[in-house]
Colleague: 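Structure in structure tokens, see below.
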Amino acid sequence: MTTQTTTADTPRTPADSAQTGLIALPPHIARAVATGGGALTVISAFLAWTWTAAFPGDLTVYGYPGGLQWLVLVAGALTTLFGLSSYGVRGLKWLAPAGADSSIRLAALAAFSTTWFTLIAISYQLGGLANLEPGGFIAGIATLATLIGALALPFERPEPDPADPDDAGWDQFRHNARASFTTFKAAFASGTAPAPRKMSSYVEILIIVAALSLGLVVFTYGIGTEYDELFIGFLITAGFGFASLFKAGLVSQLSVLTARHRTVTMAGAFATAAAFPFTQSDDQYATIGVYILIFATVALGLNIVVGLAGLLDLGYVAFLGVGAYAAAMVSGSPSSPFDVHFPFWGAVLVGATASMVFGVLIGAPTLRLRGDYLAIVTLGFGEIFRITVNNLDGTSGPDITNGSNGISSIPNLQMFGFDFGIEHSIFGVTIGRFANYFFLMLLITLIVVVVFRRSGDSRIGRAWIAIREDETAALAMGINGFRVKLIAFALGATLAGLAGTVQAHVTYTVTPEQYQFAHVVPPNSAFLLAAVVLGGMGTISGPLVGAALLYLIPAKLQFLGDYQLLAFGLALVLLMRFRPEGLIPNRRRQLEFHESAEAPTVLSKTGV
């Protein structure tokens, strides 16, 4: 009897690249367990998990899911569908063009994490496992079996390290665990999927509309979560669910379709956003929506400075404050030292112009600096602005900003006879004050997006990118680096001031504390920079998505109190560890962080 050994010189075969899962089970059995467990998870969502309605969501009903059970149902259905697609079921092959195994693992993690979080929360709040009904135990066992089957699926790794055939036990477990970690990290990297076949333009547009509609449903559900446990479960399910869709290749295929129809996608995105106030019955969540748009608009302006020009600005929120204070002073507020009341367009011009002037004044002497030195100077400007407006109270300095009390009682905007402060009826739906400002900010966001897109595609935009990539080489090619950077600084400041004019009227009051470098409530310079990096520098949709997440999550996690920033920081660390290029990255940056990724035929300038 001869024993075959594997050496480093032995050529690898495709079978060698297929690693066993974290749990030793044959692939066909693991796939069946995961798929069957997903189906059982869906069934368990229709059972009662507890006997009392004291736990929010009323999980006591048989035959109808409630609260967190809906999230478990979605995760279980996703696991089942990916499992069936791995068997080549007719009509489901399109679900996983890049392979189903990794998607099954992530969907199973979503179902397991959400279910066990719910069961633990029930036991903790109600006082023990005795408060669980049989449906809760069935759900826990079903999701555990699903996760075991998913973790037993083989991991695909390019050119894995050879394992000693004599290794067993703990060494083999560590080898499989390393493969598990690698694949888990790859789930947050770019999904690789074959390019979708060319379809009719109408069909592709319908797919884009369906994706945008699904996004509206998910966002509306997340922003409307009524209690803390439901929002945490939503974060778990949405996070792992999106990762599973991404790893399946569906997101990359959708990106190809949106690239083919960029104008239609942009119009559809804003139409979808405009439909959001009509899904709300009062101003409770429309308030969060308008603040998200303000935050997102300012983040997109910062993206010009940081994402395109590569200038690290840590005091950018000061430009938002300049625009807000300038607009408040000419708004007719009784706290303003100037007895004037400009119309809306006049307040917008004053706020945007004031921010642009400050951008030029600050940028002219400082933009000859680079890197960390520029970051320190801009950080100093942000603090100087806050301290200055705090001292202009008539005691420490001239009475201009009313000091720490700020400028209050800012009247509502009126434009063409339309009062933004009162309710209006549109198509039979009553639209409140914050919904009015939501539509106004949506229009301003559209203007900022158009400016960003046209600037990024222009000659000056290409000069910004050249400066960002290698300023020395750009200067050697004849680009006037100082002028190009000053234009970026001034344009970014102008867009921030534009958003600041609306913020002043939405909040009724502007105070120095609103414009610190870092505090719990955004917008501030730290959160703005995090939104750009988290979403994806140099893209349009990246900072919009990043800003929405960074405003919504802290607003919903207020119950954590002093631990809110800790949880927020931990989430950022994990995301930057697994997806450093951002949620919606520019293709160039994606290739920088994932050198093994296949280079695209055409590189987009600013992304979408």
Side-chain angles (χ1 to χ4, degrees), residues 33-34 36-80 105-151 218 220-244 285 552-564 566-568 570-571 574:
V33 170
L40 185 58
T41 300
V42 172
I43 296 174
S44 69
F46 291 88
L47 304 176
W49 287 12
T50 181
W51 62 272
T52 174
F55 187 81
D58 193 6
L59 310 184
T60 65
V61 181
Y62 281 90
Y64 187 82
L68 286 156
Q69 288 176 324
W70 281 108
L71 300 175
V72 174
L73 188 152
V74 170
L78 203 59
T79 306
T80 305
R105 274 188 290 272
L106 290 165
L109 275 172
F112 175 82
S113 302
T114 307
T115 300
W116 282 77
F117 165 74
T118 305
L119 299 180
I120 292 173
I122 292 173
S123 302
Y124 176 77
Q125 292 188 19
L126 302 183
L129 294 175
N131 293 282
L132 294 177
E133 285 285 287
F137 291 103
I138 293 175
I141 295 172
T143 53
L144 179 60
T146 305
L147 183 63
I148 291 174
L151 293 179
V218 173
T220 303
Y221 185 90
I223 203 174
T225 48
E226 300 175 351
Y227 48 94
D228 302 331
E229 294 85 356
L230 184 60
F231 183 71
I232 294 177
F234 168 76
L235 287 181
I236 295 172
T237 305
F240 283 115
F242 179 80
S244 66
Y285 300 121
L552 177 62
I553 293 177
K556 288 288 188 176
L557 294 182
Q558 293 181 1
F559 67 93
L560 291 178
D562 295 337
Y563 295 99
Q564 182 178 344
L566 174 63
F568 175 73
L570 180 61
L574 292 175

Colleague: If you take all heavy atoms of G76 and A111, which pair is closest and at what distance?
Modeller: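 Reported closest heavy-atom pair: N-CB, 4.2 Å.
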
Colleague: Among residues at least two apart in sequence or on other chains, which ones pass ring pair (Phe, Tyr, Trp, His ring centres under 6.0 Å) with Y64?
Modeller: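 Counting only residues at least two positions away or on another chain, Y64 forms a ring pair (Phe, Tyr, Trp, His ring centres under 6.0 Å) with W70.
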
Colleague: Which heavy atom of G233 sits nearest to which heavy atom of F117, and what is that distance?
Modeller: N-CE2, 4.2 Å

Colleague: Applying side-chain hydrogen bond (donor to acceptor under 3.5 Å, both in side chains), name anything that partners T146, two or more places apart in sequence or on another chain.
Modeller: none

Colleague: Considering only residues two or more places apart or on different chains, which pairs with a residue in residues 118-127 satisfy side-chain hydrogen bond (donor to acceptor under 3.5 Å, both in side chains)?
Modeller: Q125-E229

Colleague: Evaluate side chain to side chain contact (heavy atoms under 4.5 Å, CB included) for F46 paired with L73, printing each intermediate quantity in order.
Modeller: CA-CA 9 Å; F46 291 88; L73 188 152; 3.5 Å; yes

Colleague: How long is the straight-line distance from OG of S113 back to CG of L147, given to the nearest 0.5 Å?
Modeller: 7.5 Å

Colleague: Between L59 and I122, is the side chain to side chain contact (heavy atoms under 4.5 Å, CB included) condition met? List the steps.
Modeller: CA-CA 10 Å; L59 310 184; I122 292 173; 3.9 Å; yes

Colleague: Applying side-chain hydrogen bond (donor to acceptor under 3.5 Å, both in side chains), name anything that partners T60, two or more places apart in sequence or on another chain.
Modeller: D58

Colleague: List in chain and number order the residues that pass ring pair (Phe, Tyr, Trp, His ring centres under 6.0 Å) with W51, two or more places apart in sequence or in another chain; answer none if no residue qualifies.
Modeller: none

Colleague: Apply ring pair (Phe, Tyr, Trp, His ring centres under 6.0 Å) to F112 and list each qualifying residue two or more places apart in sequence or on a separate chain.
Modeller: W116

Colleague: Kindly indicate whether the side chain of I553, heavy atoms from C-beta on, has any atom under 4.5 Å from the side chain of F231.
Modeller: yes

Colleague: List the residues meeting side-chain contact (heavy atoms from CB on, under 4.5 Å) with I120, not counting sequence neighbours, and say none if there are none.
Modeller: none

Colleague: What are the two closest non-hydrogen atoms of A110 and F240, and how far apart are they?
Modeller: CB-CB, 3.5 Å

Colleague: Only one of I141, L144, T143, I236 forms a side chain to side chain contact (heavy atoms under 4.5 Å, CB included) with T115, so which one is it?
Modeller: T143

Colleague: Might you point out which heavy atoms bring A107 and S244 nearest each other, and give the distance in Å?
Modeller: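 Closest heavy-atom pair between A107 and S244: N-CB, 3.9 Å.
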
Colleague: Return each pair, listed once, that meets side-chain hydrogen bond (donor to acceptor under 3.5 Å, both in side chains) where at least one residue sits in residues 37-50; pairs must be two or more places apart or across chains.
Modeller: none

Colleague: Is K556 reaching over with its side chain to a backbone N or O of D228, donor-acceptor style, under 3.5 angstrom?
Modeller: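 Absent.
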
Colleague: In this structure, which one of L109, V218, L71, V72 forms a side chain to side chain contact (heavy atoms under 4.5 Å, CB included) with T237?
Modeller: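 Of all the options given, the one that passes is L71.
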
Colleague: Would you please name every residue forming a side-chain contact (heavy atoms from CB on, under 4.5 Å) with A48, sequence neighbours left out?
Modeller: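 Residues passing side-chain contact (heavy atoms from CB on, under 4.5 Å) with A48: Y62, E133.
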
Colleague: Which heavy atom in A77 sits nearest to a heavy atom in V42, and how many Å separate them?
Modeller: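 So the minimum-distance heavy-atom pair works out to N-CG2, 3.4 Å.
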
Colleague: Could you tell me which residues satisfy side-chain contact (heavy atoms from CB on, under 4.5 Å) with F137, sequence neighbours excluded, listed by chain and number?
Modeller: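 Per chain and number, F137 pairs via side-chain contact (heavy atoms from CB on, under 4.5 Å) with L132.
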
Colleague: If you compare all heavy atoms of A34 against all heavy atoms of G149, which two are closest, and at what distance to 0.1 Å?
Modeller: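 Closest approach of A34 to G149, heavy atoms only: CB-C, 4.0 Å.
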
